[in-house]
Amino acid sequence: LINDGLDFKAVQFDPNVTHEEREWYEDEARTYYAENYPYIDYQGFRGFDLGLSEGLVPTGNRSFYFPIHYMEPIAGNEAAIDLDYYSHISRRRTLTHCFENGEPAITERLLLVKGPNDISRCGSDDAQSYGIVLMHPGTSTADNPGGYWPRDLSSIVICIPGLLERATREHTVGSKAYIHYEDSEKNEVFLGGVQIHGNGESRELTYLQETEFGDITGHHMAYREYLTLTNQVWIITITAPKETYEPNIAFVVLGGVLVFLASVCLSLWIYTSTQRTRRFNAMRAKVENEKAALILENTRQAARAERELNDFIAHEVRNPVAAAMAACSFVKSAVNEKEPLVDPQKRSDTREDVGVIYNSLQFVNDLLRNMLDMHRASHKQLQVNFENIDIYHDILQSTAGMVYQRDSKVKVIVECEPRSLFVESDCLRLKQIILNLARNATKFVNEGFIRLRGYVVDNEVRLAVEDSGVGIPPEKRDLLFAKFQESLDQLSQGTGIGLYLCKNLVELMGGEISLDKDYTSGVPGNPGTCIVINLKRPPISHEEVQKGQEDVEAPRTAVTFAESSENDDLLSSTSDDSRELPASLNVLFIDDDNILRKMFLRSVKRVAPGWNMKEASNGEAALRLLDEGLKFDLIFVDQYMASIEKQLLGTETVLEMRARGETCRVFGLSANDLQAEFIAAGADGFVIKPFPTEKEALRNEMLRVVYGKRVFNPPQQ
């Protein structure tokens, strides 16, 4: 283009940028101009969002943009840097033509954007001058990946005065040349005009003021030709004095320049596309080979992982189920005697058998719940809700109360330095991690201590769970956080996935978890274990926490414990949760399993004897109760239920309830992870089956259900 002598203003590349990519492109440009053109005040993507009269303003948020991101030359075109072509209707029509037809397109006449002290980027002293932009979408290839063409654009900015000067170099002195084009309403619009002065040795050009097409249609020496250029029709008019007019030559020259210009751009795109296609084909062949090898390897790994999972479940579930079945048979025999449980020894044995049944089923329940959480964490499906939390009260002290056992030889110690240590993290997940580690430590410590610590190192908050147990053998340390790790305690009480789950949760919050291999407990014969969690977040000052609470008063559930007089950090298990369940609520429990309904009603009566409980075997039966006018404060809905009339899933039942105007709290139930589905249907929350059976655990779950933040927003009356 430069060698040909065409007076163009700039050559540009205009990528199709999504809203998610905008920040990256702006950061890239800001860095580039700061390093190479420090005098440029880069302001990000800009456009005519408020209209041409208001000038350039920062482009508002849209799903996509077409900024002038790469441009040569930069000097003289600073005002056009990252101008969004899609922000103005004229340029937008040209973009639309390129994408709908897959061919080049020319904009309508433009007064090019300019700096505040500039006259015009296509200026002339004689008359108002315009420019045009020729946009080109490139060429598609037969093996274009995914069919995403057109996507990006290249463009060239041409000043009409420069084009006229080039086209009239061999023109007759005294003649005039005009360029008009037909707009979308078939009106002739002036692009530019020039008159040639001088003699054979010296030529001068005078650029003409805007001239209506009708003013030159009656000229006695006028030659006119209509040229179809991509999306526009240009009207070339040549006028000259008698005996000097050579219309055919002028037309050929002007038309040849325009055709040459389009051909150069097209040839450039064809060449680059051909080279790109060659490189792409070579890369695709390589990628296909690697993809085939990767698929084969992934298939092998998936098959191996499935075998490992099946073997793990079969091994871990078989033993507790076998123990529960054996103990259950002993209990059945004992209670079916003529005089059951008269013998004190048999009563003692039966109590032990019941304990075996409970512990075995609890183990299986914990295993399945941990596997569900592990799956959700590894697939990034668990939600992390960051908030300002008090490490001492919210995490360490509350966890210590859950681990502490009265009359135990194991002391539970809490240390936090400083005592008022605040950090931004997920309180629920962090407490789950510390509780898992602390309970794991209780399996290894017969006497001594379990210490829960919070401290700051290098301006990063860290937590540690230390114990005076038997320690971890060196050969087991590298596999400590591996999935399906064999239990390390002597009785094989662990599920083998607890530490792996902790690792996933910590990484989900952006932290790290590790084993302190240099730790020693100080207790002879018991080296102990120390697991450290680095949250990789700085502590928050008390003033920042108070300032945040002034804006949003967030309720916090704090569990405190009575302190021992012997040691300030020794904790008892006395809960001080001041909240109580409502004395009376109307509750509906929907489940097709009659036994589960009866067990749930009996369990709830233990913690809320004043609640009025109703039950339904399926969604249709529940809807009939609502149609009868019964009012409920709380509804639990199972997902999979059978009906002889028809079958409604739990989510469908919730949708129908909300459609009928039911505004009470509704919670979904399932043994599968269906929280997202129930929330989308209009439920306030979700509970993984089975419900807790311990009285205190069930009470805490009911407190969460009754007082938790609602997701569904009832309509205002």
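Excluded from the calculations below are hydrogen atoms, water molecules and symmetry mates; all remaining heavy atoms, backbone and side chain alike, are included.
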For Ile295 and Asn298, what are the C-alpha separation, side-chain angles and deciding distance, and is it a side-chain contact (heavy atoms from CB on, under 4.5 Å)? CA-CA 5 Å; Ile295 291 175; Asn298 288 341; 5.6 Å; no

Do side-chain atoms of Ser468 reach the backbone of Ser521 as a donor and acceptor pair under 3.5 angstrom? no

What distance do Leu703 atom CG and Glu580 atom CD have between them, rounded to the nearest 0.5 Å? 8.0 Å

Tyr392 and Cys416: which non-hydrogen atoms are nearest, and at how many Å? CD1-CB, 3.7 Å

Please determine whether the number of non-hydrogen atoms from other residues, nucleotides or ligands lying under 6.0 Å from atom CD1 of Ile595 exceeds 12. no

If I take atom CD1 from residue Ile413 and atom CD from residue Glu466, how far apart are they, to the nearest 0.5 angstrom? 9.5 Å

Can you tell whether the side chains of Lys503 and Glu507 come within less than 4.0 Å, N to carboxylate O? yes

What is the minimum heavy-atom distance between Ser425 and Met509, and which atoms define it? OG-SD, 3.6 Å

Backbone N/O of Pro527 and side chain of Tyr519: donor-acceptor pair under 3.5 Å: no

Do side-chain atoms of Asp591 reach the backbone of Arg597 as a donor and acceptor pair under 3.5 angstrom? no

Heavy-atom pair with the smallest gap, counting every atom of Tyr455 and Val532: OH-CG1, 3.7 Å

Note: Ala681 and Arg658 closest approach over all heavy atoms is O-CG, 4.3 Å

Is it the case that the ring center of Phe600 lies less than 6.0 angstrom away from the ring center of Phe636? yes

Quick one, Glu677 and Phe686 - any side-chain contact, counting heavy atoms below 4.5 Å? no

Quick one: pull up CG in Leu588 and SG in Cys664 and give me the separation to the nearest 0.5 Å. 8.5 Å

Report the C-alpha distance between Glu701 and Arg704 in whole Å, list the side-chain angles of each, state the deciding distance to 0.1 Å, and finish with yes or no for salt bridge (charged side-chain N to carboxylate O under 4.0 Å, His left out). CA-CA 5 Å; Glu701 183 70 6; Arg704 181 185 74 86; 2.8 Å; yes

Answer yes or no: is there a donor N or O on one side and an acceptor on the other, between the side chain of Gln639 and the main chain of Leu649, under 3.5 Å? no

Is there a side-chain contact between Leu480 and Ile472 in this structure, where contact means two heavy atoms from C-beta onward sitting under 4.5 Å apart? yes

For Leu508 and Asp426, run side-chain contact (heavy atoms from CB on, under 4.5 Å): C-alpha distance rounded to whole Å, both residues' side-chain angles, the deciding distance at 0.1 Å, then the answer. CA-CA 10 Å; Leu508 190 65; Asp426 189 312; over 6 Å; no

Within a 6.0 Å radius of atom CG on Asp458, are there more than 12 heavy atoms belonging to other residues, nucleotides or ligands? no

When you measure from the side chain of Arg710 to the backbone of Asp684, do you find a donor-acceptor pair of N or O atoms at a distance under 3.5 Å? no

Find out whether Leu294 and Lys291 are in side-chain contact, i.e. whether some heavy atom of one side chain is under 4.5 Å from a heavy atom of the other. no

If I compare all heavy atoms of Leu581 with all of Arg699, which pair ends up nearest, and what's the gap? CD1-CG, 4.3 Å

Got Val461 and Arg537 here, is their nearest side-chain heavy-atom distance under 4.5 Å? no

Min side-chain heavy-atom separation Ile513-Phe481 under 4.5 Å: yes

Decide yes or no for Leu430 and Leu463: does some side-chain heavy atom of the first lie under 4.5 Å from some side-chain heavy atom of the second? yes

Distance to the ring centre below 6.0 angstrom and angle to the axis at most 45 degrees; does that hold for Arg451 and Phe449? yes

Is there a donor-acceptor contact under 3.5 Å from the side chain of Asp516 to the main chain of Asp518? yes

Is there a side-chain contact between Met657 and Ile635 (heavy atoms, below 4.5 Å)? yes

Quick check: are there more than 12 heavy atoms from other residues, nucleotides or ligands sitting under 6.0 Å from CG of Asn446? no

Donor-acceptor pair, side chain of Arg665 and main chain of Val705, under 3.5 angstrom: yes

How close do Asn459 and Pro539 get, counting heavy atoms only, and between which atoms? OD1-CD, 3.5 Å

Decide side-chain contact (heavy atoms from CB on, under 4.5 Å) for Val470 and Asn526; before the verdict, give the C-alpha distance in whole Å, the side-chain angles of both, and the deciding distance to 0.1 Å. CA-CA 5 Å; Val470 296; Asn526 291 297; 4.1 Å; yes

Evaluate the side-chain contact (heavy atoms from CB on, under 4.5 Å) criterion for residues Lys431 and Thr399: first the C-alpha distance (whole Å), next the side-chain angles of each, then the deciding distance (0.1 Å), finally the verdict. CA-CA 7 Å; Lys431 187 183 297 183; Thr399 303; 3.7 Å; yes

Heavy-atom count around Glu297 CD within 6.0 Å, excluding the residue itself: above 12? yes

Min side-chain heavy-atom separation Val687-Phe678 under 4.5 Å: no

